[in-house]
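When a residue number appears, it is its place in the shown sequence, counting from 1.
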Amino acid sequence: MKVGVVGAATRDRIEIGGGPSRSQPGGTPLYAARALRSVGAEPCAVEIGTLDSLLAHGPEGTRQEILSLPPPLTPQRLREQVLPALAGCAWVLLGGQTAGDFPAATITALVAAGHRVCLDGQGLARGSRTGPVRLGAISQSDIPGVTALKLNLAEAEAAGSLEVPELLVTQAERGLAVSWAGGRQEIAGDGVRFDDPTGAGDSFAALYCLARSEDKAPPDAARFALDAVQRLYRGER
């Protein structure tokens, strides 16, 4: 089973618990592809640019600073550079880092090409600016045709009311809530925070897309993705 993943690569400086920082590559294509391979799936990952960021993980959560902005994926670039790589992918994960990564017209073109879109809404909540991440509202007009929208709890609270067929609100070690046309369900996590959660949200969203590609219902797909991410980030198989 193939899952498409589109997003900017990142050059991250990461701090854990106030310790010394380390530099490493990151971004949705990297982490999502790793997660998909861990369960035997085939990622079709497309990098659309690069940005620099700082992530500081601590007991109280994650603080992030955006140091540079990636170029937007225009509809023309989508058609010329991205769509050919996504052939055979029923679901595509858009991993935006900022609000400018995926213009509404680009999402519309991707949907028109026959793909179901799972959008990580973190970029839209952050806006298009450098500096410390500050969350804000998301406009319904920014998510045309999106099937699934993933937000963390803070992003969801800032985003405001949005209408999508499937809404995933992650809550770190506490699990997540999934809402769909048939209802809403809370799925409990294992209660243990990852030492380094960098990329966990990307991994979860990609695995959710995989499960939905296999026709699992939204709550079953969310449960599968959460369990697989917990095993991956605990070093289990």
Task: Validation row: Ser213, Lys2 side chains within 4.5 angstrom (heavy atoms) - done: no
Open item on the list: If we ignore hydrogens and angles and just use 3.5 Å, is the side chain of Arg79 paired with the main-chain N or O of Thr74 as donor and acceptor?
Closed with: no
- [ ] Could you go through the side-chain contact (heavy atoms from CB on, under 4.5 Å) check for Leu226 and Asp190 one step at a time?
- [x] CA-CA 10 Å; Leu226 178 61; Asp190 62 11; over 6 Å; no
Open item on the list: With a 4.5 Å cut-off on side-chain heavy atoms, are Thr170 and Leu153 touching?
Closed with: no
Open item on the list: With no hydrogens and no angle check, just 3.5 Å: does a side-chain donor-acceptor pair link Gln230 and Arg234?
Closed with: no
Task: Within-4.5 Å side-chain heavy-atom neighbours: Thr147 and Leu119 - done: no
- [ ] Would you kindly confirm whether Val5 and Val117 end up in one hydrophobic cluster when ILVMFWY residues are joined by side chain heavy atoms under 4.5 Å apart?
- [x] no
- [ ] Establish, from distance only, whether the side-chain atoms of Ser53 and Asp12 form a donor-acceptor pair under 3.5 Å.
- [x] yes
Open item on the list: Do Thr198 and Thr62 have side chains that approach each other closer than 4.5 Å (heavy atoms only, starting at C-beta)?
Closed with: no
Task: Plane angle bin for Phe194 and Tyr233 - parallel if under 30°, tilted between 30 and 60°, otherwise perpendicular - done: parallel
Contacts table for residues 15-22: side-chain donor-acceptor under 3.5 angstrom, sequence neighbours left out:
from, atom 1, to, atom 2, distance (Å)
Arg22, NE, Gln24, OE1, 2.9
Arg22, NH2, Gln24, OE1, 3.3
Arg22, NH2, Asp196, OD2, 2.4

Task: Side chain proximity check, Leu30 to Pro25, heavy atoms < 4.5 angstrom - done: yes
TODO: Quick one: pull up CD in Gln185 and OG in Ser179 and give me the separation to the nearest 0.5 Å.
DONE: 10.0 Å
TODO: Look only at the side chain of Arg212 and the backbone of Lys216, and say whether a donor-acceptor pair between them is shorter than 3.5 Å.
DONE: yes
- [ ] Identify the heavy atoms of Gly26 and Tyr31 that sit nearest to each other, and give their distance.
- [x] CA-CE1, 3.6 Å
Task: Cluster check Val164, Leu93: I/L/V/M/F/W/Y, side chain < 4.5 angstrom - done: no
Open item on the list: Do Arg13 and Leu55 have side chains that approach each other closer than 4.5 Å (heavy atoms only, starting at C-beta)?
Closed with: no
Open item on the list: So does Ile14 get a backbone contact from the side chain of His57, meaning a donor-acceptor N/O pair under 3.5 Å?
Closed with: no
Open item on the list: If the condition is salt bridge (charged side-chain N to carboxylate O under 4.0 Å, His left out), which residues does Glu173 pass it with, not counting sequence neighbours?
Closed with: Arg193
Open item on the list: Measuring only between side-chain heavy atoms, which start at C-beta, is Leu168 closer than 4.5 Å to Phe204?
Closed with: yes
Task: pair Met1-Glu214: side-chain heavy atoms closer than 4.5 Å - done: yes
TODO: For Glu65, look at atom CD and say whether over 12 heavy atoms of other residues, nucleotides or ligands are found less than 6.0 Å away.
DONE: yes
Task: Arg129 side-chain N/O to Arg134 backbone N/O, donor-acceptor pair under 3.5 Å - done: yes
- [ ] Run through the side-chain heavy atoms of Ile, Leu, Val, Met, Phe, Trp and Tyr, join any pair under 4.5 Å, and report what else lands in Leu69's cluster.
- [x] Ile66, Val133, Leu135
Task: Shortest non-hydrogen contact between Pro219 and Val178, atoms and distance - done: CA-CG1, 4.0 Å
Open item on the list: Using every non-hydrogen atom in the two residues, find where Lys150 and Asp120 come nearest and quote the distance to one decimal.
Closed with: CE-OD2, 3.2 Å
Please report, to 0.1 Å, the donor-acceptor pairs under 3.5 Å made by any side chain of residues 39-52, with sequence neighbours excluded.
from, atom 1, to, atom 2, distance (Å)
Asp52, OD1, Arg11, NE, 2.7
Asp52, OD2, Arg11, NH2, 3.1
Asp52, OD2, Ser68, OG, 3.2

- [ ] Please check if the side chain of Gln81 supplies one atom and the backbone of Leu78 the other of a donor-acceptor pair under 3.5 Å.
- [x] no
Task: Transitive ILVMFWY side-chain link Leu36 to Leu86, under 4.5 Å - done: no
Open item on the list: If hydrophobic clusters are built from ILVMFWY residues whose side chains come within less than 4.5 Å, do Ile187 and Leu151 share one?
Closed with: no
Task: Shortest non-hydrogen contact between Asp202 and Ala32, atoms and distance - done: O-CB, 4.0 Å
Open item on the list: Are Trp180 and Leu149 linked, directly or through intermediate hydrophobic residues, by side-chain heavy-atom contacts shorter than 4.5 Å (ILVMFWY only)?
Closed with: no
Task: Separation between OG of Ser23 and CG of Leu54, rounded to the nearest 0.5 Å - done: 9.5 Å
Per-pair distances, 0.1 Å, donor-acceptor, side chain in residues 99-112, under 3.5 Å, sequence neighbours excluded:
from, atom 1, to, atom 2, distance (Å)
Asp101, OD1, Thr98, OG1, 2.6
Asp101, OD2, Gln97, N, 2.7
Asp101, OD2, Thr98, N, 3.3
Thr106, OG1, Leu73, O, 2.5
Thr108, OG1, Ala104, O, 3.1

Open item on the list: If you compare all heavy atoms of Ala148 against all heavy atoms of Val146, which two are closest, and at what distance to 0.1 Å?
Closed with: O-CG1, 3.2 Å
- [ ] Measure the OH-CZ distance between Tyr208 and Phe224 for me, rounded to the nearest 0.5 Å.
- [x] 12.5 Å
TODO: Of all the heavy-atom pairs spanning Leu162 and Ser139, show the shortest one and how long it is.
DONE: CD2-C, 4.1 Å
- [ ] Would you please name every residue forming a salt bridge (charged side-chain N to carboxylate O under 4.0 Å, His left out) with Arg184, sequence neighbours left out?
- [x] Glu186
Task: Residues, nucleotides or ligands: over 12 heavy atoms within 6.0 Å of Arg116 CZ - done: no
